[in-house]
Amino acid sequence: MSTEKKDIWYYIIVQNPGTPDEEILGYEHPETKKPFIPAFASKEISQACFMHMPKDIMKEKYEAQAIIKEDLITHAERQGHQIYLLDDKGAILKEIS
């Protein structure tokens with residue numbers, strides 16, 4: 001039996017992928033007013049939820065991308081963001097830390 005830890009991956013929405021302006025899409029929590037990054041358990045869930053998210057689809061390009069949990073946490077900490085796992089409708093399921 002293997003004792004290796006399995007890597008955990010989440011999907012996030014990237015704005016302007018593959019450009020110098022590339023960034024992970026973040027929002028402000030409606031109650032706490034603190035910035036957060038929405039994360040998703042699957043690409044399908046991220047794409048379904050993306051349809052409900054506010055965005056500027058006329059100016060920006062968006063793409064769902066996978067990211068390993070540790071890299072996502074590191075990025076969020078550097079930016080001062082929380083990370084929340086969301087469902088396909090945008091409801092917060094849990095905080096990721």
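The structure presented is a predicted model; accordingly, all values stated were derived computationally and were not measured.
Cluster membership for Ile45 and Met53, using ILVMFWY side-chain heavy atoms within less than 4.5 angstrom, is shared. By the criterion of side-chain heavy atoms lying less than 4.5 angstrom apart, applied directly or through intervening Ile, Leu, Val, Met, Phe, Trp or Tyr residues, Ile8 is grouped together with Ile73 in one hydrophobic cluster. Connection of Ile13 to Ile92 is established within a shared hydrophobic cluster, with ILVMFWY side chains joined at heavy-atom distances below 4.5 Å, either directly or through further cluster members. Leu93 and Ile12 end up in the same hydrophobic cluster when Ile, Leu, Val, Met, Phe, Trp and Tyr side chains are linked at under 4.5 Å.
Ring geometry for Phe50 against Tyr62 counts as tilted: the plane angle lies between 30° and 60°, on a 0 to 90° scale.
Residues passing the side chain to side chain contact (heavy atoms under 4.5 Å, CB included) test with His75, sequence neighbours excluded: Ile24, Ile37, Gln79. Scanning for ring pair (Phe, Tyr, Trp, His ring centres under 6.0 Å) contacts around Tyr11 gives an empty result, with sequence neighbours left out. Evaluation of the side chain to side chain donor-acceptor pair (under 3.5 Å) rule for Glu22 yields no partner, not counting sequence neighbours.
Note: Lys34 NZ to Gln82 CD = 6.5 Å, rounded to the nearest 0.5 Å. His81 NE2 to Phe36 CZ: the interatomic distance, rounded to the nearest 0.5 Å, is 9.5 Å. Separating the CG atom in Asp88 from the CE atom in Met51 is a distance of 12.5 Å, to the nearest 0.5 Å. Rounding to the nearest 0.5 angstrom, the gap separating the NZ atom in Lys69 from the CG atom in Asp71 is 12.5 Å.
Contact detail for Gly80 and Pro35: the closest heavy-atom pair is O-CG, 3.6 Å. The shortest non-hydrogen separation linking Asp87 to Phe40 is O-CE2, 4.1 Å. When every heavy atom of Ser46 is checked against every heavy atom of Ala64, the shortest pair comes out as OG-CB, 3.3 Å.
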Pair Tyr27, Leu86 - check side-chain contact (heavy atoms from CB on, under 4.5 Å), show working. CA-CA 12 Å; Tyr27 290 99; Leu86 276 64; over 6 Å; no
